[in-house]
Structure formats: structure tokens, C-alpha cells
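Not measured: the values here are computed from a predicted model.
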Amino acid sequence: QVQLVESGGDLVQPGNSLRLSCIASGRTFSNGAAAWFLQAPGKERMFVAGINRNGDMTDYEDFVKGRFTVSRDNTKNTVYRQMNDLKPEDTGVYYCAASRGSNIGLWVRNYDYWGQGTQVTVSS
């Protein structure tokens, strides 16, 4: 069993940066891929960024490429997401997800464990 706890969400102005963290408990965390999903108000949860179990492969949704970076430190059971040049459309609840599989999946069904989410609001 893996439990995930996100932190780092905040209210920021457009153009600013945030760093989200996701700390996992459970020895199996480092065996699988991890990802961040965004659920914007009134919309379904969608894939934003993912990283494989070794941390040497990443994938990003087009609208965040060049602005967001995902990384992980398996010695600390932690996944990070650096978000730069934030835009109002980045607003929503960000969820950390972990998979028992090693490859990055793009869909909610690809992940077995979920955090409670952290709110990011980008507004002037």
C-alpha cells in the first residue's frame, strides 16, 4: 500500500512559479511510475506530467511543456513538480498519483494510488 501527500499549492499571480511536492509512504513507491494530474473547476481529471520509476524518462501534456518539470528522489520517496510562468488556465487541484507499473500512463486508470490534492490558483 502507498499513501501520497501533496503540498505546495498556493494562490499566485500569472508569471510566477510554484514547486509542488508529493511524499509517499510505502516501500513499493520506487517500483512504479508517478504522475501529476490536474482537475480544473467543472472538468475531468487530466494528465499533466509523469515520470518513470527510475526518473530517467518524463512525459508532459502539451500545454505545460517548457514550463513544468517533474522529478523524483526515490531515496526520499518524493516526487516534485516545478511550475514556471504560471497561467490562469493552470488553476485547479493537482493530484499526485503512483502506479505499480514502471511505465508512464496518461490516464487515471493507469494509477493505483492517489493523494488528496493541493489547490493551485493563478490569478491577478
Side-chain angles (χ1 to χ4, degrees):
Q1 187 73 16
V2 175
Q3 293 185 325
L4 306 173
V5 178
E6 303 98 332
S7 62
D10 204 349
L11 168 63
V12 297
Q13 293 186 340
N16 282 5
S17 299
L18 276 178
R19 189 190 196 203
L20 304 186
S21 298
C22 173
I23 299 176
S25 62
R27 294 186 298 170
T28 59
F29 173 73
S30 61
N31 293 338
W36 290 93
F37 282 72
L38 165 63
Q39 188 157 19
K43 296 186 177 181
E44 294 186 351
R45 202 170 296 189
M46 63 176 291
F47 174 87
V48 174
I51 188 166
N52 69 341
R53 67 177 180 180
N54 295 328
D56 56 0
M57 289 184 63
T58 57
D59 195 8
Y60 299 93
E61 186 61 33
D62 285 346
F63 78 96
V64 303
K65 283 182 179 178
R67 298 190 297 124
F68 290 10
T69 303
V70 61
S71 59
R72 70 190 295 167
D73 184 343
N74 287 338
T75 66
K76 297 181 179 179
N77 272 4
T78 303
V79 177
Y80 304 97
R81 199 178 79 242
Q82 179 67 38
M83 306 187 295
N84 298 326
D85 189 22
L86 283 160
K87 304 177 186 299
E89 51 264 41
D90 297 322
T91 294
V93 179
Y94 283 84
Y95 294 90
C96 177
S99 171
R100 289 192 289 263
S102 59
N103 296 323
I104 301 168
L106 304 183
W107 309 104
V108 170
R109 64 177 181 269
N110 297 137
Y111 294 87
D112 306 289
Y113 308 103
W114 293 86
Q116 82 289 349
T118 185
Q119 176 72 42
V120 172
T121 303
V122 185
S123 175
S124 55

Visitor: Is Ile104 linked to Met46 within one hydrophobic cluster, defined over Ile, Leu, Val, Met, Phe, Trp and Tyr using a side-chain heavy-atom separation of less than 4.5 Å?
Guide: no
Visitor: A cation-pi test, strictly: NZ or CZ of Arg45 under 6.0 Å from the centre of the six-membered ring of Trp114 and no more than 45 degrees from its axis. Yes or no?
Guide: yes
Visitor: Using every non-hydrogen atom in the two residues, find where Ala33 and Ser102 come nearest and quote the distance to one decimal.
Guide: CB-O, 3.7 Å
Visitor: Quick one: list whatever passes side-chain contact (heavy atoms from CB on, under 4.5 Å) with Val120, sequence neighbours left out.
Guide: Leu18, Leu20, Met83, Tyr94, Val122
Visitor: Is a donor on one side and an acceptor on the other found under 3.5 Å between the side chain of Glu6 and the backbone of Ser21?
Guide: no
Visitor: List the steps, then state whether side-chain contact (heavy atoms from CB on, under 4.5 Å) holds for Leu4 with Ile23.
Guide: CA-CA 6 Å; Leu4 306 173; Ile23 299 176; over 6 Å; no
Visitor: Considering non-hydrogen atoms only, spot the tightest contact between Asp85 and Asp90 and give its length.
Guide: O-OD2, 4.4 Å
Visitor: So, Asp73 side chain and Thr75 main chain: donor-acceptor pair closer than 3.5 Å or not?
Guide: yes
Visitor: Would Ile51 end up clustered with Phe63 when hydrophobic side chains under 4.5 Å apart are linked, directly or stepwise?
Guide: yes
Visitor: Using only heavy-atom distances, determine whether the side chains of Ser17 and Asn84 contain a donor-acceptor pair under 3.5 Å.
Guide: yes
Visitor: Below 4.5 Å, heavy atoms only, C-beta onward: do Pro14 and Pro88 meet side chain to side chain?
Guide: yes
Visitor: Distance-only, no hydrogens or angles: does the Ser99 side chain make a donor-acceptor pair with backbone N or O of Asn110 under 3.5 Å?
Guide: yes
Visitor: Using a strict threshold of under 4.0 Å (side-chain N to carboxylate O), is an ion pair present between Lys65 and Asp62?
Guide: yes
Visitor: Kindly compute the distance separating CG (Asp59) from CE (Met57), expressed to the nearest 0.5 Å.
Guide: 8.0 Å
Visitor: Please tell me if the side chains of Leu86 and Phe68 come closer than 4.5 Å, counting only heavy atoms from C-beta onward.
Guide: yes
Visitor: Is there a path of hydrophobic side-chain contacts, each under 4.5 Å between heavy atoms, that joins Tyr95 and Leu106?
Guide: yes
Visitor: If you count heavy atoms of other groups shown closer than 6.0 angstrom to CD of Gln116, is the number above 12?
Guide: yes
Visitor: Taking only residues two or more places apart in sequence, or in another chain, which ones meet Arg19 in a side-chain contact (heavy atoms from CB on, under 4.5 Å)?
Guide: Tyr80, Gln82
Visitor: Under 3.5 Å, is there a donor on one side chain and an acceptor on the other for Gln119 and Thr121?
Guide: yes
Visitor: Taking all atoms of both residues into account, what is the closest heavy-atom pair of Val2 and Tyr113, and its distance?
Guide: O-CD2, 3.4 Å
Visitor: With a 4.5 Å limit on heavy-atom distance, are the side chains of Phe37 and Val108 in contact?
Guide: yes
Visitor: Keeping Tyr111 on the side-chain end and Gly105 on the backbone end, is there a donor-acceptor pair under 3.5 Å?
Guide: yes
Visitor: Would you confirm whether Asn31, through its side chain, and Arg100, through its main-chain N or O, come within 3.5 Å as a donor-acceptor pair?
Guide: no
Visitor: For the residue pair Val70 and Val79, establish whether any side-chain heavy-atom pair is separated by less than 4.5 Å.
Guide: yes
Visitor: Is the distance between the ring centroids of Phe47 and Tyr60 less than 6.0 Å?
Guide: no
Visitor: I need the minimum non-hydrogen distance between Arg72 and Asn52, along with the two atoms involved.
Guide: NH1-O, 2.9 Å
Visitor: Would you indicate whether Lys76, at its atom NZ, is surrounded by more than 12 heavy atoms from other residues, nucleotides or ligands within a distance under 6.0 Å?
Guide: no
